[in-house]
Number of protein chains: 2
Amino acid sequence: MERFLSNAINNVDKKGRVSIPASFRSILEARREFRLYTLLSIDMFCVDAGGTDLLETYEKRMGELDPLTSDYDDLSFYYHGDSAWMKIDGDGRIGLSEALREHTGITDKVAFVGRGTFFQMWQPERFAAYRNEARARIRAMKQRLAEQILPQEVR
Amino acid sequence: MERFLSNAINNVDKKGRVSIPASFRSILEARREFRLYTLLSIDMFCVDAGGTDLLETYEKRMGELDPLTSDYDDLSFYYHGDSAWMKIDGDGRIGLSEALREHTGITDKVAFVGRGTFFQMWQPERFAAYRNEARARIRAMKQRLAEQILPQEVR
DNA sequence: ACAATGCCCTTGGGATACCATGGGGAAATA
DNA sequence: TATTTCCCCATGGTATCCCAAGGGCATTGT
């Protein structure tokens, strides 16, 4: 299946609309998705977005829990309550909701970031900052792995 | 089947009516439901609402118990005694009962929260508080899982 | 190699439909 | 008869639909 790849920054017009990058749109269109499932991220200031399959992934994850547990309840509360369908208009745009703006800090520009099976929407500055942090963590990770693989004496 | 998704806050007018969010309404209409099954939640200050299928889900749950047990009796007492049908008017509104107000603390605003197969009605402040708690619990849940997967030495 | 052309993508804006809300008044209830 | 419930219509704001234009990129032709 085609992946959501790369990133782009698009402008919000005065009606509060943004164009979804064409490369993302064509993936959605190929899957006959005419709306976006969006979820306010729990640990980042961004929104996860994708097709129905994204929601189904989450529901599958929930499905592995007993419906009577509080874990299940919390997950359902989050996946269904903190998410929304966003209609994609004929020109491939979406209208940003108040909840989305508040959670992400987005005002006049949106950074779209491919994440493989889904993509994210960020306020550009926050995206840049997060990206730098993530890169630093990856460098550290590589370092750790290298130390793990090479025995002490060889280093 | 279409899910109840996202959340919205609507006003109660001086006649005591609230509009059900259009996205929720359209799901009910598609299922030819012209009234709402509502149940005072046991462990939250909210009301669960949905179509006939919601009541049927509960009855099925009861059905798995022995009718002669006190558990069965309690559940039946709860599902049938603490619930009510709410009529939906031609404009998609419902009138709030005294019992509902008392249990939820709702006065002039209602937070509607999608829960997939049903939705909830909250007093907005209580909803905001519960939502923050739930999100915190999920963050902790993710943390637990991450620690479970990564062996101690690698961390 | 450079210029011209055409296509695709993003952005803009007017018109329209939908939705939440308010209120009048009739019908049902007590 | 008084009060509540229900049905109807009105309105302001917002979201959606439709059409148009400007700019960048690649392709084509000279």
Side-chain angles (χ1 to χ4, degrees), chain A residues 2 4-30 33-38 47 49 83-102 106-114 119 121-124 127, chain B residues 2 4-30 33-36 38 49 84-102 106-114 119-124 127:
Chain A
E2 202 54 62
F4 293 101
L5 231 62
S6 94
N7 65 85
I9 293 175
N10 285 351
N11 297 315
V12 180
D13 68 19
K14 40 187 162 177
K15 283 186 178 179
R17 301 172 296 184
V18 228
S19 291
I20 300 169
S23 65
F24 292 180
R25 230 187 302 154
S26 65
I27 295 174
L28 294 167
E29 279 162 13
E33 303 270 2
F34 303 109
R35 57 185 189 176
L36 223 50
Y37 171 76
T38 58
V47 168
S83 63
W85 292 113
M86 297 187 78
K87 185 168 268 182
I88 303 172
D89 74 17
D91 303 316
R93 288 179 288 196
I94 49 172
L96 303 180
S97 70
E98 190 49 42
L100 188 149
R101 289 171 200 274
E102 209 168 291
I106 288 171
T107 54
D108 61 332
K109 283 174 187 300
V110 180
F112 289 85
V113 185
F119 64 88
M121 291 186 264
W122 288 81
Q123 189 229 39
F127 165 56
Chain B
E2 200 56 282
F4 292 100
L5 228 65
S6 94
N7 66 82
I9 293 174
N10 286 351
N11 298 314
V12 180
D13 67 18
K14 36 187 163 175
K15 285 185 179 178
R17 301 172 298 183
V18 227
S19 292
I20 300 170
S23 64
F24 291 0
R25 233 186 301 154
S26 66
I27 294 174
L28 295 167
E29 279 162 13
E33 304 269 2
F34 302 109
R35 55 183 190 175
L36 222 51
T38 59
W85 291 111
M86 297 185 79
K87 182 170 270 183
I88 302 171
D89 74 16
D91 301 318
R93 288 181 286 198
I94 49 173
L96 303 180
S97 70
E98 192 47 44
L100 188 149
R101 287 171 198 274
E102 206 168 296
I106 287 171
T107 54
D108 61 331
K109 283 174 187 297
V110 180
F112 289 85
V113 184
F119 64 89
Q120 293 180 325
M121 291 185 265
W122 288 80
Q123 189 231 34
F127 165 57

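Just so we're on the same page: letters track the sequence lines, and every chain starts at 1.
The aromatic rings of B/F127 and B/W122 sit tilted, their planes meeting at an angle between 30° and 60°. Between B/F119 and B/F4, the ring planes are tilted. Angles from 30° to 60° get that label.
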- Protein heavy-atom contacts under 4.0 Å, written 5' to 3' over nucleotides 16-30 of chain C as B (base), S (sugar-phosphate only) or - (none), form the string ---SSBBBBB-----

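Taking every nucleotide of DNA chain D with any atom under 4.0 Å from a non-hydrogen atom of chain B, the first and last of them, 5' to 3', are D/dC6 to D/dC9.
Salt bridge status for B/K15 with B/D13: absent, with no side-chain N to carboxylate O gap under 4.0 Å.
Side-chain contact between A/D91 and A/S19 is absent, with no heavy atoms from C-beta onward closer than 4.5 Å.
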- Report the C-alpha separation of B/L36 and B/I20 in whole Å, then their side-chain angles, then the decisive distance to 0.1 Å, and conclude whether the side chain to side chain contact (heavy atoms under 4.5 Å, CB included) test is met. CA-CA 10 Å; B/L36 222 51; B/I20 300 170; 4.1 Å; yes

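Among residues two or more places apart in sequence or in another chain, the side chain to side chain donor-acceptor pair (under 3.5 Å) test is passed with B/R101 by none.
Distance check, rounded to the nearest 0.5 Å: CE of A/M86 to CG of A/L100 gives 5.5 Å.
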